[in-house]
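Data first, discussion second: the structure below is written as structure tokens.
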Amino acid sequence: MPSPNSPSTQATTITSTTQSTYNTLITALHPLSPLVLELDILPSTYPSHIHLSASSLALPKTLLIPLYLHARQILFTHLSHPETGDRSNNNNHNKEVAWKATTVILLWDPNHITAANIRKRWIRDLADKENGTGLVGITENGYGRGEVRAAVQQELRFLESLLTSPLKKHTKAPTLWAQRGWVVGTFWDDVVALYKDEGEEAGILWAVKRFWDGELGVVMRAGERHPRNYYAWQYARVLFGLVQGNLIGEDVVEGLERVKGWCFLHPRDISGWGFLMFLVHVVVEQGVNEEVRRVVRETREWVRKYEWKGESVEWFLKGVESLRIER
Amino acid sequence: MSLVSGPGRGGSGGSVPDELKLVVDRHVKYIQSLDTRQDELEYWLTEHLRLNGVYWGLTALHLLGHPEALPRDATIDFVLSCQHENGGFGAAPGHDAHMLYTVSAVQILATVDAVEELDRKGKAGGEKVGEYIASLQDPMTGSFAGDEWGEIDTRFLFGAFNALSLLHLLSLVDVPKAVAHVQGCGNFDGGYGVSPGAESHAGQIYTCVGALAIAGRLDLVDRDRLGGWLSERQLPNGGLNGRPEKLEDVCYSWWVLTSLAMIDRIHWIDGEKLTQFILQCQDLDKGGIADRPGDMVDVFHTVFGIAGLSLLGFPGLQAVDPIYCMPKAITSRIFGR
């Protein structure tokens, strides 16, 4: 039974069909167990309904637009009535409705900073509730660390869906990549805990390695969706700064090798080569020049083999030369 | 102002003659029409850019010699409606405050000579706007965040310098520290990236060189090396790209060209070929400029195409300030030169 503050009674243009389709979309974007969905916005010639499968969701642009406008209405109703300090069930429900609406907003507009901020506040508020009581476990409102961890995982999965799907604007959106960086940076301990295997011994090295490998995969998938993806590879640099303290030398060299392989598959991608150069600098700082010399040798061999002429590879080789470690 | 692309397309409006013209009146009408598309669905679909869009449209109109084409009072009212009590501006009414929109707000008010309206009618006066911007500087690194959530990007550093200098409040921030951060973003190829270790990108180069120009520290730039990297952005068709092996895009006619202008090497690219390329991106019938011929026009590419032409000395355009991307007449008035 909708409460007096329910958005559906406020929006005058929404039809019952739109509301029902909106509910379907919201449900699909909030699976009980968070997973990475392949999302697609189809041309308007497609039939006007949501196409759903276990791991994908697609809808035509002409259908997304009215759903976005409905989500927008919900968002701005919520923003103009913040009701801070009101911890009633009604207010919590409204906050949750607005938070869910941001998934539709960001599906339409990946650089909608206000929607992204609502999502950050959502997780931060959960964490504040947990911290505020000083209890690890269940707080007086029923939120515990488990809730925070679940929210973090949900956010990471949702962002991964947006960043690795065939959505042209999303894969390179600085707002989405910054969001991912914020979640990982702010809730580092929770993120690492999510990657620890059950029963794994104390210590986080394996969890961090697993996380780093997974994130590099996300960056590479986004880099394939959108070539020369500046903000994806920028996220990789920020991420490396976070994990570096917990990666052993071998892990870094493994990363170097993996990125080199990616560059050979995408030789015109200056951002890939740019990140390879970044890792080269790291490895040189660690004093493992032999690994860099090997990468350079193999790159030169690759260029020779394919008689490759390309500005990006040339840039990389010139850059390594300037490090003067080859002799 | 609607910020969707179209309806025009670059390179349309009949066969392309050898001597292309800049269809000034069509562009003016195109930009004016964006304001009247307020009732259209699309007006609501690009909300997150609205204030930027007003700056792009207004600046283009000024450079085209039609500063009166957008209603001044309505523009001021709209800008002020985006302001928060902390001094920052959001993209549109109700949107969260962020550096990107705060900078556009200051640039718009400066362009229409209405900065004092902040003290008169704003939710926060000019000083508070300056304080909002200054609060986003990281005192440790000198870098700037976009908002309270902490994303760091040299775009925000340049934005801060841009807006604060227009407000004559640059002293609110640690300029030398910010300059040191910019230097840290410099690369072996002479270019600059979004943060230390990031690859050179023409857009980031504009922000870094622009920041150094405002700080009076262009002496720190390796002009020949940077000029070389920038000049390599020109493609056989005359257009400029933003990074190696990317496609040409009209907006780089601004980012690349003005960076060259700031280091006195604008002659390192073929200006005539670039001019022809920009002109080919116009919709000669409906107005507006696209990123490349054949694509849909939009106000973003319109302003940067026109700004590029202005830098190249295209006849009939007002001079553009290479640092601020505002009419030179305006910045000269503000800085008394």
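Since we're looking at a predicted model, the values are computed, not measured.
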### Query
Would you find more than 12 non-hydrogen atoms of other residues, nucleotides or ligands less than 6.0 Å from Arg265(B) atom CZ?
yes
### Task
Count the heavy atoms belonging to other residues, nucleotides or ligands that lie under 6.0 Å from NZ of Lys61(A), then report whether that count exceeds 12.
no
### Atom pair OG1/CD of Thr175(A) and Glu151(B) - distance to nearest 0.5 Å
6.5 Å
### Query
In terms of ring plane angle, is the pair Phe188(B) and Trp315(A) parallel, tilted or perpendicular, where the classes change at 30° and 60°?
tilted
### Task
Please determine, among Gly310(A), Pro227(A), Gly274(A), the option with the most heavy-atom pairs under 4.5 Å with chain B.
Gly310(A)
### Task
Measure Arg228(A) against the heavy atoms of chain B and call it side chain, backbone, both or neither at under 4.5 Å.
both
### Task
With rounding to the nearest 0.5 Å, note down the distance linking CZ in Arg243(B) to CD1 in Ile270(A).
8.0 Å
### Summary
Smallest heavy-atom separation, Gly94(B) atom then Leu79(A) atom, equals O-CD1, 3.9 Å
### Option in Phe278(A), Trp273(A), Phe76(A) with maximal non-hydrogen atom pairs under 4.5 Å from chain B
Phe76(A)
### Task
Give me the ring orientation class for His112(A) and His48(B): parallel if the planes are under 30° apart, tilted from 30 to 60°, perpendicular past 60°.
tilted
### Heavy-atom donor-acceptor pair, Tyr230(A) side chain to Glu199(B) backbone, under 3.5 Å
yes
### Task
Measure distances from Tyr231(A) to the heavy atoms of chain B and classify the residue's part below 4.5 Å as side chain, backbone, both or neither.
side chain
### Message
Taking side chain as everything from C-beta outward and backbone as N, CA, C, O, which of these in Arg72(A) sits under 4.5 Å from a heavy atom of chain B? Side chain, backbone, both or neither.
### Response
side chain
### Query
Checking Ser312(A) against chain B: side chain, backbone, both or neither under 4.5 Å from a heavy atom?
both
### Message
Less than 4.5 Å to any heavy atom of chain A: does that hold for the side chain of His95(B), its backbone, both, or neither?
### Response
both
### Query
Can we say Arg121(A) and Asp96(B) salt-bridge, meaning some charged N sits less than 4.0 Å from an Asp/Glu carboxylate O?
yes
### Query
Between Glu311(A) and Lys246(B), is the closest basic N to carboxylate O distance under 4.0 Å?
no
### Summary
In this structure, CD of Glu47(B) is separated from CH2 of Trp108(A) (nearest 0.5 Å) by 12.5 Å
### Query
Can you tell me how far the CG atom of Leu49(B) sits from the CD1 atom of Ile113(A), to the nearest 0.5 Å?
9.0 Å
### Task
Measure distances from Pro267(A) to the heavy atoms of chain B and classify the residue's part below 4.5 Å as side chain, backbone, both or neither.
backbone
### Task
Look at the side chain of Gln234(A) and the backbone N and O of Val194(B), then say whether any donor-acceptor pair between them is shorter than 3.5 Å.
no
### Per-residue contact mode, Asp147(B) against chain A (heavy atom under 4.5 angstrom)
side chain
### Query
Looking at side-chain heavy atoms only, is the closest gap between Glu314(A) and Pro244(B) below 4.5 Å?
no
### Interface residue of largest heavy-atom contact number with chain A, from Ser195(B), Ala198(B), Ser200(B), Gly90(B), under 4.5 Å
Ala198(B)
### Query
Counting only heavy atoms not in Glu85(B), do more than 12 sit closer than 6.0 Å to its CD atom?
no
### Query
What part of Asn117(A) gets closer than 4.5 Å to chain B, counting heavy atoms only: side chain, backbone, both or neither?
both
#### Entry: Heavy-atom contact with chain B under 4.5 Å, split by part of Thr186(A)
neither
